[in-house]
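Data block below; observations after.
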Number of protein chains: 2
Amino acid sequence: MPTIYDVAREAGVSAATVSRVLNGATTVDPAMVARVLTAVRELGYRPNAVARNLRRSRTTLWAVIISDIGNPFFTAMVRGIEDVAQREGYSVVLCNSDEDPVKEETYVAAALSEQMAGVIISSSGSVKAAKTLTGSPVPVVAVDRELPRAVVDTVVVDNEAGARTATEHLLAAGYRRVACITGPEGVSTADLRLRGYTEAMRSSAPAEPVIVRTDFREQGGYDAMASLLSSPEPPDAVFVANNLMTVGALRCLAEREVAVPGRMGLVGFDEIPWADLVHPSLTTVTQPTYELGRTAARLLVDRIATPAAKPARIVLSAELHPRRSSSR
Amino acid sequence: MPTIYDVAREAGVSAATVSRVLNGATTVDPAMVARVLTAVRELGYRPNAVARNLRRSRTTLWAVIISDIGNPFFTAMVRGIEDVAQREGYSVVLCNSDEDPVKEETYVAAALSEQMAGVIISSSGSVKAAKTLTGSPVPVVAVDRELPRAVVDTVVVDNEAGARTATEHLLAAGYRRVACITGPEGVSTADLRLRGYTEAMRSSAPAEPVIVRTDFREQGGYDAMASLLSSPEPPDAVFVANNLMTVGALRCLAEREVAVPGRMGLVGFDEIPWADLVHPSLTTVTQPTYELGRTAARLLVDRIATPAAKPARIVLSAELHPRRSSSR
DNA sequence: TTCCATCGAGAAATCGATTGCTCAGGTCCT
DNA sequence: AGGACCTGAGCAATCGATTTCTCGATGGAA
């Protein structure tokens with residue numbers, strides 16, 4: 001791989017001039033510019049970004065730390081982030097923490113070591129990772145999930161309201177014993193969606209709340225639904241706090257031939273791809289996923305520009321999409 | 001951010017010793033090791049990976065360039081790659097080319113500039129990107145799709161055989177006018193699956209092959225199916241060459257209330273999440289997705305170890321999963 | 001013609017970590 | 001006791017690009 005010195009020699013100029021041609025471009029004689037560009041082309045020179053980053057002590061990489069790359073919700077969000085990043089001249093490095101706090105900490109450490117220009121994170125709950133981030137000078141934006149015990153730029157949806165609406169929707173449809181399947185404690189979306197559910201139940205439900213906590217995965221939803229079904233007094237409807245768990249729950253119901261929505265009503269949080277094509281079509285609370293990503297990216301751009309600004313907090317709204325699975 | 005010199009001063013040793021403590025660990029007095037580690041902890045020192053990479057002239061990052069991050073097939077594959085990478089001490093940088101050759105070229109250029117340790121790519125067809133890669137010293141592995149006009153380590157499934165099986169399955173079920181919806185010319189999976197279909201039609205079909213080319217997206221599948229339906233002599237079955245297009249096709253059929261499998265048989269290539277829960281459940285040709293990723297990652301590890309070895313070519317097999325959408 | 005301002009380009013320092021080389025001090029053998 | 005050898009740690013070069021400083025050349029004004 002040729003270096004800037006090879007180019008300089010080939011063009012008969014100094015390395016400084018080559019650098020100026022490729023970056024500043026000001027104050028360089030057009031004839032030299034031409035010579036340099038020719039040399040660059042002939043040698044197939046490609047600047048060493050590592051050396052540049054070291055000298056400039058900054059990079060053009062963003063670390064985006066999400067908790068499940070298999071979840072279409074996150075990948076849609078990432079698209080929103082990417083589109084902004086690209087326009088602003090940044091590249092996105094996607095890190096998949098897999099809902100594992102230890103992996104999350106590893107990725108955070110790597111992002112800092114690699115001198116990333118910024119971090120966008122959807123926390124899987126590691127307080128240590130959060131502390132490391134806030135204790136460092138790197139700009140951070142929390143998206144979808146709050147960063148535990150930290151005050152940073154944040155973009156979320158109104159999880160509580162969304163969950164309340166979903167639960168009330170089930171109650172209004174005539175379901176009585178509405179249960180809730182939610183995610184791990186300490187993950188803000190799990191806790192807030194649970195709170196929305198509990199509130200709705202408190203204020204208007206004829207039955208006590210029934211809560212199952214599990215991970216945010218398909219298998220978790222399956223298992224949770226199985227345990228609900230085998231309880232002495234099974235619910236007649238369930239509000240499920242994320243998309244993959246909803247699919248798991250539905251699969252469980254399908255396997256056991258429990259009629260949905262006849263014997264069991266179902267509402268899920270998050271968009272589910274082809275939710276309209278499954279049988280029955282799924283009622284969901286959808287979020288402006290792409291917008292969530294875009295907004296987070298914009299906040300990060302602002303934060304990089306003015307590191308001292310007061311942290312922003314943006315709450316987008318979630319919307320109920322009634323379909324078959326909740327209609328009695 | 002403290003540097004290695006700050007640590008050295010704090011511990012009363014030279015920077016070289018700090019480096020040796022944190023890396024080599026050989027030939028350092030235990031007392032000094034302790035002093036250094038204490039200083040590291042107290043200062044919250046975190047080695048600057050950029051500087052290290054420059055000095056070592058190598059990194060521990062892999063660029064994984066895929067063509068659609070929204071496609072669950074790719075994300076599953078990425079998991080396989082990640083698991084191997086993690087075990088081998090590499091981090092994975094995911095790059096989403098979005099089926100856009102220009103974006104692909106940009107990412108390839110970035111990977112080279114950033115001195116990535118290796119590249120795993122599922123080409124969206126850019127010959128230029130392929131040339132750049134093979135003309136560079138960086139280890140490359142092609143996965144899922146061949147790298148155009150290049151001889152590199154490759155992991156694919158037997159697309160031709162899979163497509164042939166799928167088509168023969170439809171013919172055996174009694175469908176006559178079987179059409180094919182496939183992806184862009186120049187993308188190996190699109191071309192090979194088409195060839196498998198054509199072979200099956202040649203050898204045993206009562207009707208002429210009907211082919212629609214589109215992109216590998218859901219909307220593309222939708223549009224392709226719409227155009228097939230509005231042709232003077234619509235097919236009675238369709239083989240669709242990837243998962244997202246299959247979903248698009250199914251949505252089109254559902255909207256127009258074309259009975260599947262009654263009036264139209266359907267088989268798709270690639271795993272489709274909850275293919276068993278949609279209505280009707282979808283017959284698919286599935287690939288060992290995770291294994292594809294793992295194998296590619298292993299090849300990359302080998303290639304990095306022995307750059308001069310002869311390129312390997314591994315073909316895994318795809319398997320037909322008959323479900324409702326193709327049963328007459 | 002001389003002097004000053006301006007412009008353009010090179011020399012060299014720099015970013016932070018790694019590593020080859022060197023050398024001091026101690027051990028062991030003869 | 002003297003010399004060979006080994007251990008452990010520091011000095012300084014190095015990776016490749018950027019950027020400050022410096023200086024020569026040019027042009028315009030007096």
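Computed from heavy atoms alone, side chains included, the values below leave out hydrogens, waters and symmetry copies. Given the structure is predicted, the values throughout are model-derived calculations rather than measurements. Letters A, B, ... mirror the listed sequences (proteins, then strands); counts begin at 1.
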request  = Measure from the side chain of R55(A), starting at C-beta and using heavy atoms only, and say which of dT18(C), dA9(C), dA13(C) lies closest.
outcome  = dA13(C)
request  = Please state how far atom CZ in R20(B) lies from atom C1' in dT18(C), giving the value in whole angstrom units.
outcome  = 9 Å
query = Where along residues 45-53 of chain A does a heavy atom fall under 4.0 Å from DNA chain D?
reply = Y45(A), P47(A), N48(A), A51(A), R52(A)
ask   = Contact class for V13(B) vs. all strands (heavy atom < 4.0 Å): base, sugar-phosphate, or nothing?
value = sugar-phosphate
query = By salt bridge (Lys or Arg N to Asp or Glu O under 4.0 Å), which residues pair with E146(A), not counting sequence neighbours?
reply = R313(A)
request  = Take M1(A) and A16(A), find for each the nucleotide of DNA chain D with the closest heavy atom, and name the residue whose nucleotide sits nearer the 5' end.
outcome  = M1(A)
query = Does S14(B) make a side-chain N or O approach to OP1 or OP2 of dG10(D) shorter than 4.0 Å?
reply = yes
ask   = Side chain of N23(A): nearest nucleotide among dA9(C), dT18(D), dT18(C)?
value = dT18(D)
inquiry  = Closest approach to the side chain of Y5(A), judged atom by atom: which nucleotide of dT19(C), dT18(D), dG10(D) is it?
reply    = dT18(D)
request  = Check side chain to side chain donor-acceptor pair (under 3.5 Å) between S14(A) and all other residues, then give those that pass, not counting sequence neighbours.
outcome  = T17(A)
key: Rounded interatomic separation in angstrom, taking CZ from R58(B) and C1' from dT14(D)   = 15 Å
Phosphate OP1/OP2 of dG16(C): any T3(B) side-chain N/O under 4.0 Å = no
message = Let me spell it out: for each of L54(B) and G12(B), pick the nucleotide of DNA chain D with the closest heavy atom. Which residue's pick is nearer the 5' end?
response = G12(B)
request  = Please name all residues satisfying ring pair (Phe, Tyr, Trp, His ring centres under 6.0 Å) with Y45(A), sequence neighbours left out, ordered by chain then number.
outcome  = none
message = Under the ring pair (Phe, Tyr, Trp, His ring centres under 6.0 Å) definition, can you give me all pairs with a residue in residues 62-98 of chain A, not counting sequence neighbours?
response = W62(A)-Y90(A)
ask   = Are R35(B) and E42(B) ion-paired here, with the side-chain N under 4.0 Å from a carboxylate O?
value = no
request  = For dG10(C), take OP1 and OP2 only and decide whether either is under 4.0 Å from a side-chain N or O of T17(A).
outcome  = yes
key: R79(A) bridged to D68(B) by N-O distance under 4.0 Å   = yes
M32(A) CE to dC7(C) P, straight-line distance once rounded to whole Å = 17 Å
request  = Using salt bridge (Lys or Arg N to Asp or Glu O under 4.0 Å) as the criterion, list what pairs up with R56(A), not counting sequence neighbours.
outcome  = none
request  = Using the test salt bridge (Lys or Arg N to Asp or Glu O under 4.0 Å), find all partners of D6(B) that sit at least two apart in sequence or belong to another chain.
outcome  = R9(B)
task = May I have the distance from D6(B) (atom CG) to dG16(C) (atom C1'), rounded to whole angstrom?
result = 11 Å
key: Counterpart residues, salt bridge (Lys or Arg N to Asp or Glu O under 4.0 Å), relative to D144(B) (two or more places apart)   = none
ask   = Starting at CD1 of I4(A) and ending at C1' of dC15(D), how long is that distance when rounded to a whole Å?
value = 14 Å
message = Please report the end-to-end axis angle for the helix from dT1(C)-dA30(D) to dT30(C)-dA1(D), five pairs per end, rounded to 10 degrees.
response = 50°
